[in-house]
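Just below is one structure, and these are the notes that go with it.
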Amino acid sequence: MAISIILPFLPLIFFSSFSSSTIDRLSGSSSLSVEHADEVLTSPNGVFSAGFFPVGDNAYCFAIWFSEPYSEGNRTIVWMANRDQPVNGRKSELSLRKSGNAIITDAGRLTVWSTDTVSESSVFLYLHENGNLILQNSEGGVLWQSFHSPTDTLLPQQLLTKVMQLVSSRSQGNYSSGFYKLYFDDDNVLRLLYGGPEISVYWPEPWLMSWEARRSTYNSSRIAFLDSLGYFSSSDNLSFMTADYGERFQRILKLDFDEEIENRRLVTWVREKMKQAPEMSSWIEMIIDPKLEGKYDKGRMEILLEVAIKCLAEDRDARPTMRQVVEMILHQENDSELV
C-alpha cells in the first residue's frame, strides 16, 4: 500500500528580489504586524520566508513558506504556528517580550500562540537558511525552534523524533489540523494513524506483524530524517529514495491532505474485501451500496471495477493510460454483448 506522504520538490534557486519587505531578524521588543503582511523574515539564502499568511476571509496564520511561489499566487507552506486559531486581519501581531517569550496576539490582545520561553538576556528571532525558525538569546542559547514543533511537513536536516508528530491538514485550502498523524508508536514503529471518531492505524497495514511489514521494533531511538538528495530513513528499518535521487532540488516530506488520504483508504478497503472473497461476484456484493438492493448490471459493474483497480495500481508505471482505459471498457463491453 502506498503511504499517504508526498515528496514534492522545487528547483534549488537562490532568490534575490522580492515584492515584500524582508527582515533578517526580529529583536528587542519589536514585532511583525498582520496589517503589514508584506514585512517578512527571510532566510540568508532567500529560499524561505516567514510572516502572516492569509488562510481565509480576514484570517491569518504565522507561517514559513518557500519564497518563490510554485504557481501564480500559490506558495508552499512548510510550517504554521497557529494553524488551528487564525487571527484577525487587523491589530494582530507576533512580538518578542522582554521576558524572552515570543507570542502571537489577536485583535483583542488574546495570546493565541507562544514559545513559552524565558530568558534573562535579550532574545532575537531569525529564519535559518534551512527553513528553521529559531528564537535565540544574546548568549547564543537556542530557546525554541520550529524544527522541534513540526506541523505537516519535514524539511531536510529536520529530525522526526519520538516526541514529535506530523499532522495532516484538512484539505488543500484548509490548513487546520486534520485527522491523520505520522508518529513513532510505543513499539518503535513509525505509523500513520487516523484519529477521527474511530481511531485506527492506517499504515503499515494493521493486519501485518511488524516484521511482515519489514519494520524493526528493536531500535528504541525512534528517529527519522529526510536528506537534501531525496533519501528518507527511519530507525524502524523503513527507508526509501526518490526516483530523482541525487538531483539538487529543494525537497520536503509532507503528509497529504485528509481528503486525499481518505481516497486511498477507500482503495485499501476494497482491496481487503478482494482478499477476503476470491470470487469476484462475492467481493463486489460486499462493496456495493446495499441500498441498490442488487438492482444493477453485475457484468458491467465487474468491468468497471476491474478497470478501476488497474488504474489504482500501487506501481504508477503499471497503471493504464486513458486510451488504454477506453479500449479495455470497449473491449469488455463488446465481449459481454457477444455472450
Side-chain angles (χ1 to χ4, degrees), residues 3 5-16 22-26 40-51 53 62-68 70 75-81 83 102 115 117 123-137 140-169 181-184 188 190 192 219-256:
I3 181 174
I5 295 175
I6 53 180
L7 275 165
F9 56 82
L10 295 174
L12 184 57
I13 302 173
F14 296 93
F15 312 104
S16 58
T22 62
I23 304 170
D24 60 353
R25 66 167 59 184
L26 205 61
V40 297
L41 288 170
T42 304
S43 60
N45 56 11
V47 173
F48 295 95
S49 296
F53 184 85
F62 192 85
I64 301 172
W65 61 84
F66 282 108
S67 301
E68 185 74 1
Y70 63 84
R75 299 189 181 277
T76 301
I77 303 295
V78 300
W79 179 82
M80 271 190 176
R83 67 189 301 199
T115 55
T117 51
V123 300
F124 59 94
L125 187 71
Y126 70 98
L127 188 57
H128 193 277
E129 61 183 24
N130 61 9
N132 190 13
L133 185 65
I134 299 173
L135 181 67
Q136 187 172 323
N137 61 25
V142 175
L143 305 176
W144 174 91
Q145 54 183 304
S146 60
F147 269 19
H148 288 176
S149 304
T151 47
D152 63 352
T153 303
L154 196 69
L155 287 165
Q157 301 181 35
Q158 181 179 8
L159 300 178
L160 182 65
T161 71
K162 59 185 177 182
V163 296
M164 302 175 191
Q165 60 184 21
L166 300 184
V167 180
S168 61
S169 294
K181 68 176 182 179
L182 183 71
Y183 74 109
F184 279 101
N188 303 323
L190 187 64
L192 187 62
N219 192 334
S220 61
S221 60
R222 285 185 270 177
I223 191 168
F225 70 92
L226 170 71
D227 72 17
S228 60
L229 298 178
Y231 177 72
F232 179 85
S233 179
S234 172
S235 57
D236 66 351
N237 205 34
L238 169 69
S239 66
F240 58 84
M241 62 177 63
T242 59
D244 59 355
Y245 175 78
E247 298 291 334
R248 289 184 60 81
F249 293 114
Q250 275 290 351
R251 303 178 187 275
I252 61 174
L253 185 144
K254 188 181 188 70
L255 273 187
D256 222 336

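Along the sequence shown, the residues carry numbers beginning at 1.
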* **Residue pairs involving residues 155-167 (criterion salt bridge (charged side-chain N to carboxylate O under 4.0 Å, His left out); sequence neighbours excluded)** => none

* Shortest non-hydrogen contact between Lys181 and Leu255, atoms and distance -> CA-CD1, 4.3 Å

* **Partner set under ring-ring contact (aromatic ring centres under 6.0 Å, His included) for Phe225, not counting sequence neighbours** => none

* Structure fact -> In this structure, CZ of Arg251 is separated from CG of Leu226 (nearest 0.5 Å) by 8.0 Å

* Structure fact -> Between Asp227 and Leu229, the two heavy atoms sitting closest are OD1-N, 2.9 Å

* Taking Asp236 for the side chain and Asn219 for the main chain, is one N or O donor matched with an acceptor at less than 3.5 Å? -> no

* Interatomic distance, Ser146 atom OG to Ile134 atom CD1 [nearest 0.5 angstrom] -> 7.5 Å

* What are the two closest heavy atoms between Glu129 and Pro44, and how far apart are they? -> N-CD, 3.8 Å

* Phe232 vs Phe240 aromatic rings, parallel, tilted or perpendicular, using cut-offs 30° and 60°? -> parallel

* Structure fact -> Taking every heavy atom of Tyr245 against every heavy atom of Gly230, the minimum-distance pair comes out as CD1-C, 3.8 Å

* Report yes if the side chains of Tyr126 and Asp24 come closer than 4.5 Å at any heavy-atom pair, otherwise no. => no

* Among Leu160, Leu166, Thr153, side chain to side chain contact (heavy atoms under 4.5 Å, CB included) partner for Leu253 -> Leu166

* Structure fact -> Taken to the nearest 0.5 Å, the spacing of Phe184 CZ from Ser221 OG works out to 7.0 Å

* Asked: Would Arg25 count as a cation-pi partner of Phe124, with NZ or CZ less than 6.0 Å from the six-membered ring centre and within 45° of the ring normal?
  -> yes

* Sidechain-backbone polar pair: Ser228 side chain, Pro156 backbone, donor-acceptor under 3.5 Å -> no

* In Å, rounded to the nearest 0.5 Å, how long is the span from CE of Met164 to CD of Gln158? -> 7.0 Å

* All side-chain hydrogen bond (donor to acceptor under 3.5 Å, both in side chains) counterparts of Ser43, not counting sequence neighbours -> Asn45

* To do: Taking Trp79 for its side chain and Ser149 for its backbone only, find out whether a donor-acceptor pair lies under 3.5 Å.
  => yes

* Asked: What heavy-atom pair brings Phe66 and Arg75 nearest, and what distance separates the two atoms?
  -> O-NH1, 3.8 Å

* Could you go step by step and tell me if Leu143 and Thr115 meet the side-chain contact (heavy atoms from CB on, under 4.5 Å) rule? -> CA-CA 8 Å; Leu143 305 176; Thr115 55; over 6 Å; no

* Asked: Is there a side-chain contact between Arg83 and Ser169 (heavy atoms, below 4.5 Å)?
  -> yes

* Minimum heavy-atom distance between Ala50 and Ile64, given as atom pair plus value -> CB-CG1, 4.0 Å

* With distance as the sole test, does Ser49 use its side chain to make a donor-acceptor pair with the main-chain N or O of Ser67 at under 3.5 Å? -> no

* Asked: Quick one: does Ser235's side chain have a donor or acceptor within less than 3.5 Å of a partner on Arg222's backbone?
  -> yes

* Asked: Per the side-chain hydrogen bond (donor to acceptor under 3.5 Å, both in side chains) rule, which among Thr76, Asp152, Thr151 passes with Lys254?
  -> Asp152

* **Criterion side-chain contact (heavy atoms from CB on, under 4.5 Å) on Leu155 and Phe147, from CA distance to verdict** => CA-CA 8 Å; Leu155 287 165; Phe147 269 19; 3.9 Å; yes

* Asked: So, do Trp144 and Leu133 sit near enough that their side-chain heavy atoms are less than 4.5 Å apart?
  -> yes

